[in-house]
There are 2 protein chains.
Amino acid sequence: MARTKQFEVENVLDAAVGLFWKKGYHATSANDLVEHLGVSRSSLYDTFGDKRNLYLQALHQYRKRIIGRHLYLIETATDLKETLEAIFSLIIEQDIDDFHPRGCMLVNAATEMAAVDEDVAAIVRGNQWDLQKAWEMAIKKAQYQNELRTDINPKSTAAAIYNAIIGMRVALKTEQEQATLDGIIRQTLRLLD
Amino acid sequence: MARTKQFEVENVLDAAVGLFWKKGYHATSANDLVEHLGVSRSSLYDTFGDKRNLYLQALHQYRKRIIGRHLYLIETATDLKETLEAIFSLIIEQDIDDFHPRGCMLVNAATEMAAVDEDVAAIVRGNQWDLQKAWEMAIKKAQYQNELRTDINPKSTAAAIYNAIIGMRVALKTEQEQATLDGIIRQTLRLLD
DNA sequence: TTGATAACGGAACAAACGTTCCATAACCCC
DNA sequence: GGGGTTATGGAACGTTTGTTCCGTTATCAA
């Protein structure tokens, strides 16, 4: 039998998410990782392979932890407009770390990596598909229960909602007036009128 | 008198835009620049200072060239919905280079750099302000000319339109079904109904 | 034609990069 | 309490990074 690991893989992945989320892939160095994850260089490479692999696993972790909460909110929604507002609030709240905006790790990954890394692109696409489908289903359900006009197209409305959320996550990267954010939210909610 | 430059600064900046747009700041190396701009290392540093400075100037160039066309379209618009559709088309068309998506250089800059580089953030914010103001003015003008309902809020609608366009530029980073893009466009146009 | 100036090409720089290697330490089954 | 196995710490690897330096070349006013 062999020596046991001195760290929890899940914890280290969470820490890696924190770094990659804030700084992106290229600007996060191997030294940064060793320093902040509390794991020695050799153990890092033993456990996660190379830097790119660690990044991909961190991206999965982010999706599980952060986006998972959004999916849950959408799937258990009773009032769609309330839910959309809640998700906007959640996004604004999740964005700030030490007063520095991080945006959304998946959006950052899309703009930095997706064009040149098919694995990253696949994760981003998977996430998009999940969220759009969740919205589409929620809209259909609300229509079935007569809580929403039936002349609203579930698919394109879902796509537009997802799209607005992505836009918001980029906007947060540069500080915004609250009034502008509120305006975007208000107008996006009109999609569900 | 001194020897004359063997290149046009504007042309070199355009080439730098091409590189930074596609690969971002960190993934574009000094060697890449020397190789693709057709200018020797020393001339590059003589003319543009360091890499970051060249990036900032390239970002300005991008804004002047690419976003300038959008501003022109908005300011000379006669039919707002038509104009918005035209801009979406322009974006989709500008996005592809060698069958590789580049997104929008300003969006890429926002997600990669804005949180850690105040000068980049300032350029991004300036761009946002210009475009949102242009939309807001165009909306007010259309309302004044009775071409648009007056119960539409110019400011928040402008913010929402800008936001949707940003979202689209991220979406293009991963290949999209045309139907999804069309859906987003169709729903965004509803903001002007 | 000369001379002051600035652009040029290319070698060279130190620092940082991602990654590998190895001797040592810890673990559990037998 | 060995023995086989894996984790660990730290030194070291070869590359690539962004930048500088310098000898040479081109320019034009005097």
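Reminder, nothing fancy here: chain letters follow the sequence lines and each chain counts from 1. Note that these values count all heavy atoms, side chains included, but never hydrogens, waters or copies made by symmetry.
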Grab the N/O contacts between the protein and nucleotides 3-6 of chain C below 3.5 Å, and write none if there aren't any.
{"unit_1": "C/dA4", "atom_1": "N1", "unit_2": "B/Met1", "atom_2": "O", "d": "3.4"}
{"unit_1": "C/dA4", "atom_1": "N3", "unit_2": "B/Met1", "atom_2": "O", "d": "3.4"}
{"unit_1": "C/dT5", "atom_1": "O2", "unit_2": "B/Met1", "atom_2": "O", "d": "2.8"}

Atom pairs under 3.5 Å: protein N/O with N/O of nucleotides 18-21 of chain D:
{"unit_1": "D/dG18", "atom_1": "OP1", "unit_2": "B/Thr28", "atom_2": "O", "d": "3.4"}
{"unit_1": "D/dG18", "atom_1": "OP1", "unit_2": "B/Lys51", "atom_2": "NZ", "d": "2.5"}
{"unit_1": "D/dG18", "atom_1": "OP2", "unit_2": "B/Ala30", "atom_2": "N", "d": "2.5"}
{"unit_1": "D/dT19", "atom_1": "OP2", "unit_2": "B/Tyr45", "atom_2": "OH", "d": "2.9"}
{"unit_1": "D/dT19", "atom_1": "OP2", "unit_2": "B/Lys51", "atom_2": "N", "d": "3.0"}

Distance, rounded to the nearest Å, where A/Lys23 contributes NZ and C/dA16 contributes P:
13 Å

Using 4.0 Å as the upper bound for N to carboxylate O, is an ion pair formed by B/Arg52 and B/Asp50?
no

All pairs passing salt bridge (Lys or Arg N to Asp or Glu O under 4.0 Å) where residues 184-193 of chain B contributes a residue, at least two apart
B/Lys81-B/Asp193

Under 4.0 Å between a side-chain N/O of B/Ser43 and OP1 or OP2 of C/dC8, yes or no?
yes

Starting from C1' on C/dC17, measure out to CG on A/Asp32 and report it in whole angstrom.
11 Å

Side chain to side chain donor-acceptor pair (under 3.5 Å) test vs A/Lys23 passes for just one of A/Asp32, A/Asn108, A/Thr28, namely A/Asp32

Using salt bridge (Lys or Arg N to Asp or Glu O under 4.0 Å), reason through B/Arg125 and B/Glu118 one step at a time and then give a plain yes or no.
CA-CA 10 Å; B/Arg125 270 195 294 264; B/Glu118 183 47 42; 2.5 Å; yes

Between the side chains of A/Gln176 and A/Thr174, is a donor N or O closer than 3.5 angstrom to an acceptor N or O?
yes

Atom CD of A/Glu35 and atom C1' of C/dA16: how far apart are they, to the nearest Å?
13 Å

Taken to the nearest whole Å, CG/A/Leu37 to C1'/D/dT8 is 15 Å

Touch check for B/Ser40, heavy atoms < 4.0 angstrom, all strands: base, sugar-phosphate only, or nothing?
base

Is it true that B/Trp135 and B/Tyr162 have ring centroids separated by less than 6.0 Å?
no

Is it the case that the side chains of B/Gln178 and B/Thr180 hold a donor-acceptor pair, with the cut-off being a distance below 3.5 Å and no angle test?
no

Could you check B/Phe7, B/Phe48, B/Tyr45 and say which one makes a side-chain contact (heavy atoms from CB on, under 4.5 Å) with B/Val39?
B/Phe7

What is the separation between atom CZ on A/Phe7 and atom C1' on C/dA26, rounded to the nearest whole Å?
14 Å

